[in-house]
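Reviewing the structure listed below.
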Amino acid sequence: MDYKRRNGGPFLGGASQSKRGKPAGEWEESPSHFEEELSMFDDVDMEAEEMEGQAGHDVIPVGDLFSADLNPRWRRPHASSLDSSSNTLVFQQIDLDYYLGSYQRPVPGMPGQSQGKVPIIRMFGVTDNGNSVCCHVHGFAPYFYVPAPSGFTADYLGEFKKELNSAVLKDMRSNKDNISITVLAVDITRKESIYGYHGKRSQDFLRITMAMPRLIAPAKRLLEQGLKFGPYPIQSYQAYEANIDFEIRFMVDSDVVGCCWIELPKGNYRLREEKSMGVSLCQYEVDVGWTDLISHPAEGDWQRIAPLRVLSFDIECAGRKGIFPEPDKDPVIQIASMVQRQGETEPFIRTVFTLQSCASIVGSQILCFTQEKQLLQSWAEFLRTVDPDIITGYNIQNFDFPYLLNRAAALKVNLFPYLGRVRGIKSVLRDLNFQSKQMGRRENKTINMEGRVQFDLLQVLLRDYKLRSYTLNAVSFHFLQEQKEDVQHSIITDLQNGNEQTRRRLAVYCLKDAYLPLRLLQKLMCVINYMEMARVTGVPLTYLLSRGQQIKVVSQLLRQAMKQDLVMPVIKTEGGEDYTGATVIEPEKGYYSVPIATLDFSSLYPSIMMAHNLCYTTLLQKGSAEKLGLAPEDFIKTPTGDLFVKSSVRKGLLPEILENLLSARKRAKTELKKETDPFKKQVLDGRQLALKVSANSVYGFTGAQVGKLPCLEISQSVTGFGRQMIEQTKQLVESRYTISNGYQADARVIYGDTDSVMVKLGVGTVRESMDIGKEAAEWVSSHFTPPIKLEFEKVYYPYLLINKKRYAGLYFSSCADTHDKMDCKGIETVRRDNCPLVANLINTCLQRILIDRDPQGAVAHAKEVISDLLCNRIDISQLVITKELTRTAQEYSGKQAHVELAERTQSMCWRTTFPLTHSTTWNSSCPNHSRATTHVVRLSPVSVAKLCSRQMVCFHYFKVFISTLIFRLYL
DNA sequence: TGAGCGACCTAT
DNA sequence: TTAGATAGGTCGCTCA
C-alpha cells in the first residue's frame, strides 16, 4: 500500500512482459529536456562556483564532504556573533513544540517552577539573514478551569489544591518522573461560560495550573468524578478548556500565531554561547521568559517570509523482481536532494548520493559510495548540515522516510535516525490512524523531526485538490505540463546492476523526482498559502498538515473569547441526530435556449450568522428568556424555534470573528489590487483565500457533532434561515418580474440550490438578462438584514438542466457577447468515477448541444462512439473501470495483486483488459502518459468470463446513458 | 423486475 | 487520540 504513486506498473510477477537488462548502449539517448535544464543551472552557478574553487558536477570521492571548503553552500550563511544585552533577536518562527525539562539546569534565572520537570516551549525559526534559531520559552504552564462551588472563598484554595494534588498523585499508575507536585496553583478568577447567554453575569471560576500538560486530563477526569475538600461534600465539577493542546494554549495566551515574526528585545533573553549549553543544531540558541517575547501581527513589513531552506528528496531502491521493496532486504541505491531558498526560483543544491560509481551529470553533484551504510550515514549528515526548515518530496511521509529509517535500522546505521534539529532526539517511525467523515479512514506514518516541517506534497494534494490521478507523473502533467523521466520500476535494479552510464540514467530520473515536488510547491504556492493560513487561524504550520479543520476554529474562538473573559466548556462528544440542511428547489428540467440569470447569496452561512447574531454566547437555553427577564424585542426566534439575544443585548463572538475575517479579506483584496511586487501579491492572494476558507468553516464547526464545541441550535438555525431565504427569494423574484408589472414576461425560478436561484426572466439577450439580474439582486437584497446580500453572478445561455445538482451551460459573466466557458456541474464530465470515454463523449455531446447548437450532431456523435465501441474500434484503455477489475482480480489472484491493485485504485488510473485471454494484460496507461507499462495477471477462465460480462455491462450502460440523454432533451 | 441499500462522488 | 456540514444523483448489488 505504501509504495510511491508513480507511473510505473505494479510488480505483478510474470516475466513475459518485463524487460530484461538491456545493454548500456540502449540508454545512451540524447540528453532529456530535464538534463538541459540542469545544465542551465550549472551555467548560472559557474561564476559562484569558480569563486568557491569547486565545479559542481565533479564526481566526488567520499572524503570530508562536510567541510566548508568542499561544499560551501551546504551550510547556512555564517551567523554573526550576538550580544543579548545589546542586540535584539528577530526571527520568523516556523515550528513550535514543547518538551519537559528540568528548570534549574541548564538555564538559571528563567521564570517558572523551580522543582521537578517543567514544560518548556521550543520555537524554531529563521532570521532575515537565513540563520537558524532555537528559542526556549520558559515559565508557561498548562491550566484549565472549573466553576467554583457556591460560597467558595480564597480560604479554601489551599485545601482544594492539596486534595486535588493528592488525588492526581494517587491516580497515577507509575510515577517514573517522581513528581511530587502536580497542581502548581489554584486561583479564583471571574469568568463566564461561552455556552449560552446568561445575562452577562460572570461567576467565580477556579483556574487550576498543572505542572505538565499530561496531568490535565487526569485532573479533569477526577474533578468530573467528584472531589471532596474542606467542608464541601463530594461534588462533581465541569471542566473548561481542559481539552486545549498545550501549544495552542501558549500561542493564544502569548498572542503568537503560526509563522509570525518573534522579537526578543535586547537584555530580555539569554544566548547559549557555549556549545555545551546548546541542545540544538541551530546557529542561535536562546532562552526567554514567556512574557518577554514580542509577537508581531502579520501586517505590513511583518508579512514577509524569511529565506527558509526547502529540501526536496527522493530515494530509489533495488527491489527484487516482482516483489515490493522491503527495507530489511532491498538496498537503497540512490538519494537525490535539491535545496531551494523560499522565494527563489532555482535550487542551489542539486545532489545525488549513489551506491557504486555513476557518470557525471552537468549541473549536479554526484557522490558515490561503495557501502550502502556509508551512503545512508552521509546523507543523514548532509541533511543535518544543510539544516532545512521544510522538507518536501512525493510520498516521503509514507514511503521514503519510513524506508530510510527501516533500512538504516536493518543495517545498524546508528547515527542515521537523528534528523531533527535537537541533538540526541531520535527520529522514530509511528503509525497514525487518521479518521474523518471528509477524508475517510487514512492510515499514515509519522516521523518526529523536531524543528523541521515535513511538507509531503502528496499529502497536500490529497487534502487540497480533487484529481483523477495522484501519481507524481499525472500531477506534474496536470499542473506543469511536464512529466517524469521515463524509467520503469521494473528496470531500476537492472540499471543499478549495469554500469556507470545506466546508473547515471537512474540518477537523472531520481533527480527529477526530487525536482518536480519543488516545482509543484512553487507553482501551487503551497508554502505561502499554508503560512498565511497559519497566520490567519493562529495554529502552527504543522497542524495544518497533520490535523483537521476544527483546530483552526478553536484557535480563533479561544483568542476572541479570552478578550471577553469567556471560557469554553469541554463538551462530551456524542453523535446525535442529523439536522436539516439546505433546500434544493425542484428543477424544471429541460433545455433552455434563452438566457438564465443566476443570483447568489455571497457567503450565505457566515452572513446569516452575522445578520442574526447567532453564537454560543447569544443562545438562550430553554426558559432562560423568562429567568433573565428579557423583553420580546431583546431576542429572536429562528426558523427552527431556537432563541438568540440580539446584538443590542450582546454581540456574539462568532459574528465578531466572521466580521474580522471578512473585513480582513476585503483589506487583503484591496491591497492585492494595489500591490505590484509579484511575490507580495502571492502572499496577499494566499491570505485572502485563507480568510475566505476560514469564514466558511465556522458554520461547519458548530455542526460537527463529534467535535470540540458542537452547537446544533446554531447550525440548524443557520440552515433554517437559509431555507427560508431561498424560498422568499424565489417568491420575490416571481412576484415582481411579471407582465402585469410591465416586464416582458413572467419570470420563473427554474432551479436553485442552497444559496442560489436560476431565473428565466423571459428576455432574449444576455445583456438584458444581466441588467435585470443585477437589479433583481439589489432589490431582493433590500428585503434581508445586512450583511446578507444577493448578488448577480452570471448568465447561462443556453442552459441544460438535467436534474438536481446536474446541469450545464455556457457561462457569461464578464462580457455579454462571448461566453467565458462551458460550465458543467455534477455531470459525468466532472466526476472521477467514470472512465475517460464516458467523460469525453458527454463533453463532446454537450459542446455540440450548447456551443454548436446542433443537437442532431450530438446524437450522431454518440451513435458513432457506440458503433465504434461495438466494433472494437476504440482503445479500451479508456473504457473499463479499474475498481471493477480490482474487485475481480482480488478474488482470483494472490495477496500481492491485492496490495498493488488497491493502491492503484486509489490513484484512479484507467487501464485496459484487452485482449481478454486467460492471461489478461493490465495496461497502466494513464490518460496523460503516452508510454504504457504492461504487466500480466493470471486469471482463471471464470474471472475472464466475468470480465467479459463486465464489458457488456459497460456497453449497456452507454446505451442507457445516451438514450436517456437524448430522451431527456428531445422527446 | 423493482424496491431498497450502500458506495462513491459531487453541489453548495 | 481525533474527526467541518447536509442534500442528492447514479450505479451495482441483493433479495423478494
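Labels below follow one simple rule: chain letters A, B, ... track the order of the sequence lines, proteins then strands, and each chain is numbered from 1.
Nucleotides C:dG4 and B:dT12 place their C1' atoms 14 Å apart, quoted to the nearest Å.
Counting any heavy atom pair closer than 4.0 Å across all strands shown, A:Ser756 reaches no nucleic acid atom. Counting non-hydrogen atoms under 4.0 angstrom, A:Gly581 reaches the backbone sugars and phosphates but no base. Residue contacts for A:Tyr579: at a heavy-atom cut-off of 4.0 Å it reaches the sugar-phosphate backbone alone, with no base atom in range. Residue A:Tyr807 is classed as a sugar-phosphate contact, given heavy-atom separations below 4.0 Å to backbone atoms only. Within 4.0 Å (heavy atoms only), A:Val553 reaches no atom of the nucleic acid at all.
Across the protein-nucleic acid pair, A:Gln549 atom CD and C:dA5 atom C1' stand 11 Å apart, rounded to whole Å. Whole-Å rounding puts the A:Ile827 CD1 to C:dC11 P distance at 13 Å. Taking atom CG of A:Asp578 as the reference point, atom C1' of C:dA7 lies 11 Å away to the nearest angstrom. With rounding to whole Å, A:Met758 atom CE is found 10 Å from B:dA11 atom C1'. One can place CD1 of A:Ile585 at 18 Å from C1' of C:dG9, the figure rounded to the nearest angstrom. The separation between A:Lys708 atom NZ and C:dA3 atom P is 6 Å, rounded to whole Å. In this structure, A:Asn803 atom CG and C:dG8 atom C1' are separated by 9 Å, rounded to whole Å. One interatomic measurement links the two molecules: CD1 of A:Ile571 to P of C:dA3, which rounds to 17 Å at whole-angstrom precision.
Comparing C:dA3, C:dA7, B:dT12 by their nearest atom to the side chain of A:Thr580 picks out C:dA7. The A:Asp755 side chain lies nearest to B:dT12 when the options are B:dT12, C:dA3, B:dT10. Nearest nucleotide to the side chain of A:Arg831, out of C:dA3, B:dC9, C:dG4: B:dC9.
Within the 4.0 Å cut-off from OP1 or OP2 of B:dT12, at least one side-chain nitrogen or oxygen of A:Lys825 is found. The phosphate of B:dT12 (OP1 or OP2) has no side-chain N or O of A:Asn696 nearer than 4.0 angstrom. In this model, the phosphate group of B:dT10 is not approached by any side-chain N or O of A:Arg806 to a distance below 4.0 Å at OP1 or OP2. A close approach under 4.0 Å does not occur between any side-chain nitrogen or oxygen of A:Lys805 and OP1 or OP2 of C:dG9. Between B:dA11 and A:Tyr751, no contact under 4.0 Å exists linking OP1 or OP2 to a side-chain N or O.
Side-chain contact, A:Ser427 with A:Asn448: no donor N or O sits under 3.5 Å from an acceptor N or O.
No salt bridge links A:Lys760 with A:Glu588; every basic N to acidic carboxylate O contact stays at or beyond 4.0 Å.
With a 4.5 Å cut-off on side-chain heavy atoms, A:Leu709 and A:Pro569 count as touching.
Nearest heavy atom pair, residue A:Pro142 against residue A:Met212, reads CG-C, 3.5 Å.
Mapped onto DNA chain C by nearest heavy atom, A:Asp245 and A:Tyr605 fall at different nucleotides, with A:Asp245 at the one closer to the 5' end.
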Give the table of side-chain donor-acceptor pairs shorter than 3.5 Å for residues 241-249 of chain A, with sequence neighbours excluded, one pair per line with atom names and distance.
| from | atom 1 | to | atom 2 | distance (Å) |
| --- | --- | --- | --- | --- |
| A:Glu241 | OE1 | A:Arg249 | NH1 | 2.7 |
| A:Glu241 | OE2 | A:Met568 | N | 3.0 |
| A:Asp245 | OD2 | A:Arg547 | NH2 | 3.0 |
| A:Glu247 | OE1 | A:Tyr543 | OH | 3.2 |
| A:Arg249 | NE | A:Tyr143 | OH | 3.2 |
| A:Arg249 | NE | A:Asp253 | OD1 | 3.3 |
| A:Arg249 | NH2 | A:Tyr143 | OH | 3.2 |
| A:Arg249 | NH2 | A:Asp253 | OD1 | 3.0 |

N/O donor to acceptor pairs below 3.5 angstrom from side-chain atoms of residues 605-612 of chain A, sequence neighbours left out:
| from | atom 1 | to | atom 2 | distance (Å) |
| --- | --- | --- | --- | --- |
| A:Ser607 | OG | A:Ser603 | O | 3.0 |
| A:Ser607 | OG | A:Leu604 | O | 2.9 |
| A:His612 | ND1 | A:Ile608 | O | 3.4 |

